[in-house]
Amino acid sequence: MRIIRAADCLVMPWKNGGGTTTEIAVAPEGASLNDFDWRISMAHVGADGPFSSFPGIDRTLSVLTGAGITLAFGDGERIRLDRSSAPYPFAADRAVEGLLVNGPIDDLNVMSRRGRWQHRVERVSGAGSLAASEGLLALVARKGDWLVNGAALPAGDNAVLDKPGRVELTVSGGEAELYAVWLTAK
């Protein structure tokens, strides 16, 4: 298991230049925004605006902080996401504008190259066991002090289990929140 500390994450501009994103993990290592197989990042969204287009990429968005965001898709569909919403998957090459509900948000973005990788995202709020039967499992700790197979994973830090296996999660502190990301090669 590889631990990725918050301080070691790369901060970079959005693909469309409209803000910044904090890259947690990417494959292959060092891949650009145009040639990654999968990518996990967090973004601060301070104003309404279009999402960057990523041709051939599937994306899942989760609201981490703030009142929420409405995704206004080019075909007329509108989806409102907030802190209580399940992680929302959609095609990252689909035209979409983000409309903030009531001020800025922070979000978690998980993206994978369609046809080569697939992903699934789940919010976890307590102790338990998670299995990765194939591919890899990434953990994004948001609130609480987590132990992952006995290794400390405080809020803000991340872990990647690079091979199939199982993780045992325990947590201390009042509020607890962690995002589990399963990534599988096709």
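This is a predicted model, so every value here is computed, not measured. Any value given below was found using the heavy atoms of this structure, including those in side chains, with hydrogens, waters and symmetry copies removed.
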Quick check for you: to the nearest 0.5 Å, what is the distance between [X] atom [atom1] and [Y] atom [atom2]?
X	Y	atom1	atom2	result
T21	I40	OG1	CD1	11.5 Å
I3	D157	CD1	CG	7.5 Å
D106	I69	CG	CD1	11.0 Å
E23	D8	CD	CG	13.0 Å
D37	R116	CG	CZ	4.0 Å
R78	L71	CZ	CG	9.5 Å

Could you check whether any side-chain N or O of [X] sits under 3.5 Å from a backbone N or O of [Y], counting only pairs where one atom can act as donor and the other as acceptor?
X	Y	value
S125	E177	no
D107	S62	no
R83	T65	no

Quick one: side chains of residues 178-186, donor-acceptor pairs under 3.5 Å with protein atoms, not counting sequence neighbours, listed by atom name and distance.
{"unit_1": "Y179", "atom_1": "OH", "unit_2": "R123", "atom_2": "NH1", "d": "3.2"}
{"unit_1": "W182", "atom_1": "NE1", "unit_2": "A131", "atom_2": "O", "d": "2.9"}

Do you know which two heavy atoms are closest between [X] and [Y], and how far apart they sit?
X	Y	answer
P164	S133	CB-O, 3.4 Å
G46	P104	CA-CB, 4.1 Å
D93	P55	CB-CA, 3.6 Å
G68	V63	CA-CG1, 4.4 Å
L137	A132	CB-CB, 3.8 Å
A176	V171	CB-CG2, 3.6 Å

Given side-chain hydrogen bond (donor to acceptor under 3.5 Å, both in side chains), test S129 with E168 step by step and report yes or no. CA-CA 5 Å; S129 180; E168 297 300 326; 2.9 Å; yes
Any pair counted as side chain to side chain donor-acceptor pair (under 3.5 Å), so long as it reaches residues 136-147, sequence neighbours left out: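 Of all non-adjacent pairs touching residues 136-147, those that pass side chain to side chain donor-acceptor pair (under 3.5 Å) are K143-E175.
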For S85, side-chain hydrogen bond (donor to acceptor under 3.5 Å, both in side chains) partners two or more places apart: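 Residues passing side-chain hydrogen bond (donor to acceptor under 3.5 Å, both in side chains) with S85: D82.
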Report the residues that fulfil side-chain hydrogen bond (donor to acceptor under 3.5 Å, both in side chains) with R2, sequence neighbours left out, ordered by chain and then residue number.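 side-chain hydrogen bond (donor to acceptor under 3.5 Å, both in side chains) check on R2 returns nothing, list empty.
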If Ile, Leu, Val, Met, Phe, Trp and Tyr residues are connected whenever their side-chain heavy atoms lie under 4.5 Å apart, and connections chain through other members, are [X] and [Y] in the same group?
X	Y	answer
I105	L81	yes
L136	M1	no
V45	L61	yes
L139	I24	no
L161	L169	yes

Please tell me if the side chains of [X] and [Y] come closer than 4.5 Å, counting only heavy atoms from C-beta onward.
X	Y	value
F36	F54	yes
L10	V26	no
N158	C9	yes
L33	M12	yes
V101	R80	yes

Report, as yes or no, whether the 6.0 Å neighbourhood of atom CG on D75 holds more than 12 heavy atoms from other residues, nucleotides or ligands.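 Check passes, neighbour count above 12.
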F90: which residues meet the ring pair (Phe, Tyr, Trp, His ring centres under 6.0 Å) condition with it, sequence neighbours left out?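 Ring pair (Phe, Tyr, Trp, His ring centres under 6.0 Å) check on F90 returns F73, Y88.
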Using the salt bridge (Lys or Arg N to Asp or Glu O under 4.0 Å) rule, collect all pairs that involve residues 46-71, keeping only residues at least two apart or in two chains.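 Passing the test, one end in residues 46-71: D58-R114.
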